[in-house]
Amino acid sequence: MERAVIVSSNPDITQKTESVLAGEGFGRIASAASGNEARRLISGETEPDIVVINTPLPDEFGQELAEMIAENTAAGIILICGNDISEEIAYSVSDHGINVVSRPLNRENLVQTVRLVTYARSRMMGMKKETPEVLSRIDEMRLINRAKSALMKYLKFTEPQAHRYIAKQAMNNRQTRREVAERIIAQYEK
């Protein structure tokens, strides 16, 4: 179930935002009326999927809070601010991946922004899961290439011979190519 946090000192905007988020499938919605309360809420519980901040807050503007959340979580962030400063704020927070919506708050615009942020976050999380696997494969390929180089240098194998040797050793010894490569590197690169 999707988790959202609304940070706003305006009850009308909190209610409107809560309605939009509930309509978009967010089941656990928490709200805070100040930046300090939001910091405690976000750091004390599981990470939210989306955070909506209506500026200004009683204890700060809200941009600093949005940037802190962007740096420390993977939450999608929507910053609501006045129409007169929305372009300037959007420019200053664009590097953090924060979406800016201007007031007066249009329900349709908010729904579209919530959908966009949710979609972007799900894509990012999918890529985040793939990254360690890809890095592991790259590391394994580097290790195997080092082992091939050692075989070519010390046993005068050609590259195809070294490749076949590693594959055959892995099959015969019921080991991964990575384990064979590590053994070869340990033996020849002392």
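By the rule that hydrophobic residues join a cluster once side-chain heavy atoms approach within less than 4.5 Å of another member, Ile85 and Leu79 end up as members of one cluster. Under the 4.5 Å side-chain heavy-atom criterion for Ile, Leu, Val, Met, Phe, Trp and Tyr, Ile185 and Tyr188 are members of distinct hydrophobic clusters. With hydrophobic clusters built from ILVMFWY side chains whose heavy atoms lie under 4.5 angstrom apart, Val180 does not share a cluster with Leu143. Under the 4.5 Å side-chain heavy-atom criterion for ILVMFWY residues, a single connected hydrophobic cluster contains both Ile6 and Val111. No single ILVMFWY cluster, assembled from side-chain heavy atoms under 4.5 Å apart, contains both Ile50 and Leu116.
Formation of a donor-acceptor pair under 3.5 Å by the Asn83 side chain with backbone atoms of Arg103 is not found in this model. At distances below 3.5 Å, not a single donor-acceptor pair connects side-chain atoms of Gln161 with backbone N or O atoms of Phe157. Of the possible polar contacts, none joining the Asn54 side chain to the Cys81 backbone as a donor-acceptor pair under 3.5 Å is found. Judged by distance alone, the side chain of Glu24 and the main-chain N or O of Leu21 form no donor-acceptor pair under 3.5 Å. Put simply, the side chain of Ser19 never gets that close to the backbone of Gln15: no donor and acceptor are under 3.5 Å apart. Looking only at distances, a side-chain donor or acceptor of Thr55 sits under 3.5 Å from a matching main-chain atom of Ile80. Formation of a donor-acceptor pair under 3.5 Å by the Glu18 side chain with backbone atoms of Ile29 is not found in this model. With Ser94 contributing its side chain and Tyr91 its backbone, the two residues share a donor-acceptor pair below 3.5 Å. A donor-acceptor contact shorter than 3.5 Å is absent between the side chain of Thr73 and the backbone of Ala70.
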Is there a side chain to side chain donor-acceptor pair (under 3.5 Å) between Gln175 and Arg183 once you walk through the steps? CA-CA 11 Å; Gln175 293 179 317; Arg183 192 185 69 217; 3.2 Å; yes
Does the side-chain contact (heavy atoms from CB on, under 4.5 Å) test come out yes or no for Phe61 and Ile89, once each step is laid out? CA-CA 11 Å; Phe61 179 72; Ile89 298 296; 3.8 Å; yes
Just do the side-chain contact (heavy atoms from CB on, under 4.5 Å) check on Val100 and Ile78 with the steps written out, would you? CA-CA 6 Å; Val100 176; Ile78 300 172; over 6 Å; no
Worked check of side-chain contact (heavy atoms from CB on, under 4.5 Å) between Ile42 and Val51: CA-CA 9 Å; Ile42 290 168; Val51 178; 4.2 Å; yes
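Once rounded to the nearest 0.5 Å, the distance linking CG of Asn99 with CD1 of Ile77 reads 9.0 Å. Between the CD1 atom in Ile166 and the OG1 atom in Thr176 there is a gap of 11.0 Å [rounded to 0.5 Å]. Between atom CE of residue Met152 and atom NZ of residue Lys156 there is a gap of 10.5 Å, rounded to the nearest 0.5 Å. Note that CD of Glu64 is 9.5 Å distant from CG of Asp59, once rounded to the nearest 0.5 Å. Of the inter-residue distances, the one linking Arg142 atom CZ with Arg178 atom CZ reads 11.0 Å to the nearest 0.5 angstrom. The distance from the CZ atom of Arg164 to the CE atom of Met171 is 12.5 Å, given to the nearest 0.5 Å.
Between the side chains of Glu108 and Gln112, no donor N or O sits under 3.5 Å from an acceptor N or O.
In plain terms, the two heavy atoms of Thr14 and Ser31 that are nearest each other are CG2-CB, 4.1 Å. Across all their heavy atoms, Thr118 and Val114 have their closest contact at OG1-O, 2.7 Å. The two residues Glu47 and Ala75 have their closest heavy-atom pair at OE2-N, 4.0 Å. Heavy atoms only, all atoms of each residue included: Ser34 and Pro58 are closest at CA-CD, 4.2 Å. When every heavy atom of Ala150 is checked against every heavy atom of Ile184, the shortest pair comes out as CB-CG2, 4.3 Å.
Under the 4.0 Å criterion applied to side-chain N and carboxylate O atoms, Arg39 and Glu60 are assigned as salt-bridge partners. Between Glu2 and Arg28 there is no salt bridge, since no side-chain N of the basic residue sits under 4.0 Å from a carboxylate O of the acidic one.
Within the 4.5 Å cutoff, the side chain of Val7 has heavy atoms near those of the Leu65 side chain. Between Ile53 and Ser8, every side-chain heavy-atom pair lies at or beyond the 4.5 Å cut-off. Residues Lys16 and Asp12 have side chains not in contact (no heavy-atom distance under 4.5 Å, counting atoms from C-beta outward). Side-chain contact between Leu155 and Lys153 is absent, with no heavy atoms from C-beta onward closer than 4.5 Å. Proximity of Arg177 to His163: side-chain heavy atoms (C-beta onward) are separated by under 4.5 Å at one or more points. Annotation: side chain of Glu37 is not in contact with side chain of Leu41 (no heavy-atom distance under 4.5 Å). Put simply, the side chain of Val5 does not reach to within 4.5 Å of the side chain of Val52, judged on heavy atoms. Counting heavy atoms from C-beta outward, Ile98 and Glu67 have side chains that approach closer than 4.5 Å.
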